[in-house]
Amino acid sequence: FVVRSHFDPVRSRSDGSPAVSDKPNKEKFLRHPRSVRFENLRAEYVNTITATSATTAPSLTQVQSLTETAIYECGNDAGLDALRKLAALCELRIPYDFSNHDNTHTNIIDGSNERLISYIPQLLPQSTREEFLNAVQRMESNEWLSQNPDSVDGLPSLHLNLVSNGEPLFPNEKDIGGEEPKEHEFRLGIQQLHDIVHPFVYNLLLPEAKKMLQKSARSSATSLRVSDVFLRRYGQNICGGNRNGISAHYDVFSRVTAVVALDDVAADGRNGLFTTVLEDDSTGQTSNHKALRRFFPLHAGDGVLHTWDVLHGVDVEPGLNRTSLIVWFDEFPENEEEKEPMVSPWLVKHPDNHNDHSVNHILHFVLGSALSNTNVDDETVMCGMEKRIELFLRSASQRNSFALTRMGSLCEEGALTVNGQILEKKAFDLLEDLRPTAKLPPVLQELCNNHTSSQELAVRFWLEGAISGNPLAQKALADELMLESTQSGNEQLRILAAVLFSLAAQQGDQSASESLCRVVELDVVSRGVETKEAFSNSPVVRVANAAVTTSL
Ligand SMILES: O=C(O)CCC(=O)C(=O)O
Ligand SMILES: [Fe+2]
């Protein structure tokens, strides 16, 4: 029903290589022929959108409980009310409060995570910024920004690498013979950009990153080095493409990340780089729900540093034009025996990776993702599909939103059958602990009884991911339910699918909005709706309306 994205919320190397397979999933549900009548009716309901905005910043608990209500009270008044409240919360653009956290905040999960954030005012002087932006402009006018699929979302990345894996893309001293004039100009452009920021990156940012890590319980800052330096562009019609942001993710190959603002787009804390603030830190849960975004207020030249375990993304309102400079710091091997490349050693060597009782779900998810993105096959590294699934399962057992969603997809792909029934049994027990079958929404209880086990497991993982607020899980589950409902004619499944597509559409997910329109279309056709009144009374239409009508 939707072409499901197979992208994980993780940033792998910025060379544009996709994090995971970018093959589109088969469309499960064939597009229904568009009915002319529907077009008119839809125009009617789109016109009813009204907006009143919410004022208070929501907590994770609030967002999840509203989402749970929308799903369980599917299509009735309480459910519609929850959808309206969530719609209003999604419209908020709330600044991150640096002062509230004494420039850093630490969330202790199992005693050893970091989640350090540090603000560095006025790192790049105005003259440097201007020089840099002019050089970027020249690259852009040649359409030289990378069009490779971005490792987080698979769309053209619109970035330029200056340093990759510890090495400048083009070392200055290297004389490259036989270059085409365009290649030559490109190389000089990259070298110029690199030269402009070099002193700031190595003499100012690197010491700041080391200083920040000294606050960490697990400081191993002495071996910190600059791994990658790249710039990104956001806005309309950049090298023929648009980019309004990047969904929330972890940088899996960066121990510490620095982002420097090159313009004032983020000055009022309503645009640019955000993290998701989880006010209820005691649960250690994580969610990428739009309402939990907190934008870093950064003036041109300001920077922010964060550790590997800080969830972050970018969002800019249409019409704005943003450029950012990003630096990754990683750890290089301290002694000779370790010269072999090891994927993100701060993850592999983390004590929680060697502790069977650890509940560090962020580490387990990020390490599982890092291993999925590397070919390194080291005895000391937990590798192989089975180990990765074990890591995702451990993370999912702590209700980590990304691990739950990833597990749903792995089950759907049949990846849990690798080791007989053992992994499936583990997954089933885990799901029963999170929510016993008897407590599933009734319509899903029926569905799960009719299913083969791997599909049933996928549905249950996606349900948990969906309730935690994850739009990818919400879409994946909705897609599955539409397939079922067209086969069985079960209208309740269609209403729940509409709720789930609505929950993702509210968060700005374009493909979910399109799918929601198609559910409405199908509903109109299959129920033979003839009048405006019958249209606006349709449960699916009421759901779609509530999702875009914001009120508190
Ligand atoms: O542009 C930014 O501010 C950050 C981009 C980012 O998070 C990434 O490329 O991984
Ligand atoms: Fe990132």
Side-chain angles (χ1 to χ4, degrees), residues 7-19 96 115 117-120 123-124 129 132-133 136 145-164 193 197 201 205 209 227-235 238 241-267 269-276 288 293-317 320-330 344 362 365-366 369-370 373 402:
F7 284 90
D8 265 338
V10 290
R11 155 82 56 233
S12 61
R13 277 237 175 270
S14 58
D15 60 0
S17 57
Y96 180 84
R115 286 186 61 206
I117 293 174
S118 170
Y119 169 59
I120 310 167
L123 186 101
L124 276 190
R129 293 190 317 260
F132 191 80
L133 287 175
V136 174
L145 266 54
S146 170
Q147 300 283 335
N148 285 347
D150 185 89
S151 60
V152 174
D153 58 22
L155 303 172
S157 63
L158 305 182
H159 84 280
L160 280 176
N161 271 341
L162 310 182
V163 175
S164 183
L193 286 164
V197 294
V201 169
L205 268 179
S227 153
D228 287 54
V229 180
F230 54 103
L231 65 92
R232 300 195 69 115
R233 291 277 292 112
Y234 302 85
I238 297 166
N242 299 333
R243 184 169 270 284
N244 291 325
I246 303 176
S247 55
H249 62 274
Y250 297 103
D251 297 334
V252 299
F253 296 136
S254 174
R255 169 105 171 82
V256 176
T257 296
V259 172
V260 184
L262 289 157
D263 44 52
D264 280 321
V265 160
R270 293 175 51 85
N271 281 283
L273 185 71
F274 65 80
T275 184
T276 59
N288 59 350
R293 292 175 183 175
R294 301 293 179 265
F295 293 90
F296 294 114
L298 300 175
H299 285 94
D302 289 351
V304 63
L305 285 170
H306 64 78
T307 41
W308 62 272
D309 44 5
V310 172
L311 187 62
H312 63 280
V314 173
D315 184 34
V316 291
E317 288 167 299
L320 294 178
N321 198 349
R322 174 176 186 261
T323 310
S324 56
L325 175 72
I326 298 125
V327 183
W328 285 356
F329 300 96
D330 68 357
S344 308
I362 298 181
F365 173 74
V366 176
S369 308
N373 278 294
F402 299 121

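Only this structure's heavy atoms are used, side chains among them; waters, hydrogens and symmetry mates stay out. All values derive from a computational prediction rather than experimental measurement. Start at 1 and go down the list; that is how both ligands and their atoms are numbered.
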Query raised in the report: Would one find an N or O of Trp328, backbone or side chain, under 3.5 Å from an N or O of ligand 1?
Result: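 Trp328 vs ligand 1: no N/O contact under 3.5 Å.
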Can you tell me if [X] and [Y] form a side-chain donor-acceptor pair at under 3.5 Å?
X: Tyr250; Y: Asp309; value: no
X: Thr257; Y: Asp251; value: yes
X: Asn288; Y: Arg293; value: no

Where's the contact between [X] and ligand 1, heavy-atom distance under 4.0 Å: side chain, backbone, both or neither?
X: Thr257; value: neither
X: Val152; value: neither
X: Arg322; value: side chain

Atoms in ligand 1 flagged as close to [X], the criterion being non-hydrogen separation under 4.0 Å:
X: Leu273; result: 3 (O), 4 (C)
X: Ser324; result: 1 (O), 2 (C), 3 (O)
X: Phe230; result: 9 (O)
X: Val314; result: 1 (O), 2 (C), 3 (O), 4 (C)

Query raised in the report: Centres of the Phe253 and Trp308 rings: under 6.0 Å?
Result: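 So the answer is no for these two rings.
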Report task. Answer yes or no for His159: is there a heavy-atom contact with ligand 1 below 4.0 Å? Result ->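 It does not; every heavy atom stays at 4.0 Å or beyond.
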Query raised in the report: To the nearest 10 degrees, how large is the angle at the Fe ion (ligand 2) between His249 NE2 and His312 NE2?
Result: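 Result: 90°, to 10°.
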Report task. Look at the aromatic rings of His306 and His312 and report parallel, tilted or perpendicular, splitting at 30° and 60°. Result ->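 Tilted, since the angle between the ring planes falls between 30° and 60°.
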Query raised in the report: Considering the options Asn244, Leu262, Leu273, which one meets the side chain to side chain contact (heavy atoms under 4.5 Å, CB included) requirement together with Arg322?
Result: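 Testing each of Asn244, Leu262, Leu273 against Arg322, the sole residue satisfying side chain to side chain contact (heavy atoms under 4.5 Å, CB included) is Leu273.
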Query raised in the report: Tell me, which N, O or S atom in Asp251 is closest to the Fe ion (ligand 2)?
Result: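 Among the N, O or S atoms of Asp251, the one closest to the Fe ion (ligand 2) is OD1.
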Query raised in the report: Considering all heavy atoms of both residues, which atom of Asp330 and which atom of Arg255 are nearest to each other, and what is their separation?
Result: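 Reported closest heavy-atom pair: CA-CB, 4.2 Å.
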Query - Distance-minimising heavy-atom pair for Ser157 and Arg232 - result: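 Closest pair (atom of Ser157, atom of Arg232, distance): O-NH2, 3.0 Å.
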